[in-house]
Each structure stands twice: as structure tokens, then as C-alpha cells.
Amino acid sequence: MRGAEAKQVCPEIQLVQVPVARGKADLGVYRSAGSEVVSILSRKGRCERASIDEVYLDLTESAETMLAELPLDRLELISEEALKSHVLGLDVDGDNAGESVRKWFLGSDADHRDKLLACGARIVAELRLQVLEEAEFTCSAGIAHNKMLAKLASGMNKPAQQTVVPFSSVKKLLEPLPIKKMKQLGGKLGTSLQVDLGVNTVGDLLHFSEEKLQEHYGINTGTWLWNIARGISGDEVESRLLPKSHGAGKTFPGPRALKTSASVEKWLNELCEELSERLLSDLEQNKRIAHTLTLHANAYKLNDSESVNKFPSKSCPLRYGTAKIQEDALNLFYAGLREYVGSNNIKTKGNQRHGWAITGLSISASKIVAIPSGTHSITKYFHNQVQTHTSEKQSNDIFTQDAAHLSYSGNGSYLRLHSMCPQINTCEEDTRNKYSMPSLNQDEDQNEVRQGLAHIV
DNA sequence: CATTGCCAGAAA
DNA sequence: TTTCTGGCA
Ligand SMILES: [Mg+2]
């Protein structure tokens, strides 16, 4: 329920709010917290940042080392925390009351794979304790022989618990499992399996040959399905602690949809400002630079309710400096808009209505690479870069040096090559609509004036 | 619901 | 190869 609704039912409720900056959610505190946790969890083995609050760890090596160096059968050496693990398949799933778990850790059923798993579980217990002590977050974990099973197990006992999937219990775990519970099968593919093949549990999947699954879903997906039904996933844990892209976006639902280029420019500038800030942080903290700038938008057309086409994403080489990013983003937007309204060669005729409304805007930076480790001066590094990727742009030569410098000093507001409609629309769309019902004509008239695509170069 | 971010596959 | 779309979480 919504916060306001909850407050009526429960006036004492403490509602936690996501911070807002530049008129949008600011997830900075969560990103920081996530990074801190990653820095702890990455201590014992290869670590892949899977999301803002999840990682995969490949602890094979650490576990092998532990197995080689420690006697497994010494109960005193096994931490209380590790012994609190849930171990799937011990007895009849009657929540294994301590004794069987102890026994499993001590013997691990003589199976080398499960001995490794037991060591992995001990390492994970230690890591989770460190997260609790150093970052003051609890977390849950799954320990299994591959990513898919570990992810599945991590969700089985929450919060602040860990679950082990011994090799021998994989079948019994998967067989009755509703297909939609599997990662990647929670959406359309899962629905298709249910509707088109009558597959409701992972066990049902076992009845289909790899070839049959490939017929329905293609070579790769077919093979993938055949494998995951058997608990097989060759998916490697990538060694990556940092995100591969940064983005800033905002949605403008219903009456908040943006209908003037001034408002689009305003919001795009806000989003670009945030992105630019985060890119500089990444540069300072991680010595990485992004190479591609991409704009996504969602839109609908005012007149035809059956607007079939989607607003196309557009990307271009990324130039550092807030003003550069803002300028490039706006150009990308208009490139997309021109396509969207279908005025490619058709010069916007005087009477032609291109009534559009933007319901979502997002700008992102990708192709992020570490600068060569020997690079001492980032400024000089940029000097060498700017020449290479301004290819399609006109002659901003005199600015490129400044731009490189800018990105370092973090000040770029004065750089404005582009002559846009200069006015900032202080009149919020939704505010405006409170006062005047969206008389289509009126809005379109505003579009006519302000949406002119004249500045597209 | 909103704001991310990853990836596979198709298109350019 | 890069760009763009769509799916997924
Ligand atoms: Mg998560």
C-alpha cells in the first residue's frame, strides 16, 4: 500500500524515504552501501557484483585450500555461525535440528564436492559475520555448486541466514519447484513454458529433449533450459566489482508527461548533471572512463491512441564535462524524436501536427574501461583521447582542451555551444494541467511553437 | 511503482 | 563491430 494509506492504518509507522536530488530519486547512499559490502565480500575469492545488493562468489579455491589444510572432523574448528546453516535434504526436510547439520559438516558424506561445499559454507559464514561487524548489514546467502543453485538457495531462508545445497539434494530441490521461481523464468519465457508446453515445475521440463526445447526457443535458450532443469549451469562467476554502466532516469507518468522541448531540456539537463557527477566519481575512485552515451525515452503520440512505434534509443561517443554531456544528450533526444515523429525528410510542415509526450527519459554511460594503469596524468590522458572520438562532430577543437580540463575540475557550466530554446520552462506539466485540462489543441499549440526541430544539426 | 543495470539477439 | 530492442530482475 502507499505510505499515506499505511499511515492511516498504522499512525506510528516509520516510513523510510529514498533521498531526492534534482527532482529525482537519488540512490547514492545505496550505491555506497553496496560498494562497501562488495569490498568485504570480495576478500575470499572471485567476486561478481550482480546488482546493487548482491554478489556471486566463486570460493572454489579458498574451499580447496581449507580442505587441504584443515581436518574436517574437528567440531571445535567449525564456527557456530556456519553450524546455523540450513542444509537441504538432511532427512525429510524437517528443519534439521542441529545434530544432523553438525554431522553433515563433520563428514560431509565423504563426497569431495560436498566437502568443498561445507568449506564454502564456513567461509561464507565468516564473510557474513564480517559484513555484520564492519558494515552493520545482515545478509543471506546460498552455497551450491553453481550460480543458479546458489541464487535459488539464497532466497530460501531469509533474513540473515544461509542455505547449502548438497550435490545429492539438487534433484529433490528442483523437481517440485515451480518453473517461475527459477531466475530468468519469472517472465514471458516462464509463462510460455507453462502455456505452450504445459511445464509448471522444473521436473516437468525433464520430459523434453534438448532438441524439442531448441525447436521452441532456439539453440541457446533450448540448451540452457535443458541444463537448468538438471541443475547444470556453466555460468562463470565474473571477476567484476564495479558496474559496467551508469544511468540516470526519470519517469513522467500520466499527466506528468513532458510535452514541451523546454521541459525535456530541463529534465535532461538534470539527469545529465547527475550522470556527469557519477562519471567523475568513477574516474576519481576507480580511474575508469566511459566511452558511450545513450539516451532512452518513452513517448506516446497525442492524437493517435494506437501509436505503434517506440521512441528509439540513440547513442554517441561520450565527451566528459557536464555541458558536453547535456548538449550531446539533447542532440540524441532530437535525433530520436525526429525519427519518432517521422519527419526525416519532411520538413516540419506548418500545419503538420507532431504532438508528442514524453513519459520517460534516461541517459546512461557505458563501455567503461579502466585507464591504462601507468597513466599518471588523467588530464593528459584525455588530451590524447578527445582527438580520436569527436569524429562526427563539427569543429569544437578550441573547446576540446577545455573539455578535457573540465572533466577534471568538474566545472563545465559555461560551455554551451548549442543554441537551444533558452528559456527554462518553470511551468511543470502536471502543475499546468491542474489548472487547465489538457485541451489537446492548447497543448499542441505549445508543441507547435516549442517543439520546432529547428535546432537539429 | 520507480530506478536502476545486465544480457541475448536482431539490426545496422 | 556497434547500435538498438526487448526481456529480466
Ligand atoms: Mg537483490
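Quantities reported herein were computed from a predicted structural model and do not represent experimental measurements. Note that these values count all heavy atoms, side chains included, but never hydrogens, waters or copies made by symmetry. Chain A is the first sequence line, chain B the second, and so forth, proteins listed ahead of strands; every chain is numbered from 1.
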Looking at residues at least two apart in the chain, or sitting in another chain, which of them share a side-chain hydrogen bond (donor to acceptor under 3.5 Å, both in side chains) with [X]?
| X | value |
| --- | --- |
| A:E81 | A:K84 |
| A:Q184 | none |
| A:D58 | A:R46, A:T60 |
| A:D26 | none |

>> Run the side chain to side chain contact (heavy atoms under 4.5 Å, CB included) test against A:P176 and tell me which residues pass, sequence neighbours left out.
In response: none

> Residues two or more places apart in sequence or in another chain: which of them pass side chain to side chain contact (heavy atoms under 4.5 Å, CB included) with A:A33?
Replying inline: A:F137

> If you pin A:E274 and A:Y217 to their nearest nucleotides in DNA chain B, which one's is more 5'?
Replying inline: A:E274

>> With a strict under 4.0 Å distance from non-hydrogen atoms of chain A, what nucleotide opens and what nucleotide closes the contacted stretch of DNA chain B, reading 5' to 3'?
In response: B:dA2 to B:dG9

>> Between A:W224 and A:Y217, is the ring centroid distance below 6.0 Å?
In response: no

>> I need the residues from residues 24-51 of chain A with at least one non-hydrogen atom less than 4.0 Å from DNA chain B; give them sorted by number, or say none.
In response: A:K24, A:A25, A:L27, A:R31

> Got a sec? Which of residues 236-245 of chain A come in under 4.0 Å of DNA chain B, heavy atoms?
Replying inline: A:R240, A:P243, A:K244, A:S245

> How would nucleotides 3-9 of chain C be written as a contact map, 5' to 3', with B for base contact, S for sugar-phosphate-only contact and - for no contact, using protein heavy atoms under 4.0 Å?
Replying inline: SSSSSSS

>> Can you tell whether the side chains of A:K250 and A:E270 come within less than 4.0 Å, N to carboxylate O?
In response: no

> Quick one: side-chain hydrogen bond (donor to acceptor under 3.5 Å, both in side chains) pairs with a partner in residues 132-144 of chain A, sequence neighbours left out?
Replying inline: A:R43-A:E134

>> For A:F311, give me all partners under ring pair (Phe, Tyr, Trp, His ring centres under 6.0 Å), at least two apart in sequence or on another chain.
In response: A:F333, A:Y340

>> With a 3.5 Å distance limit and no angle check, can you tell me whether A:Y320 reaches the backbone of A:A290 through a side-chain donor-acceptor pair?
In response: yes

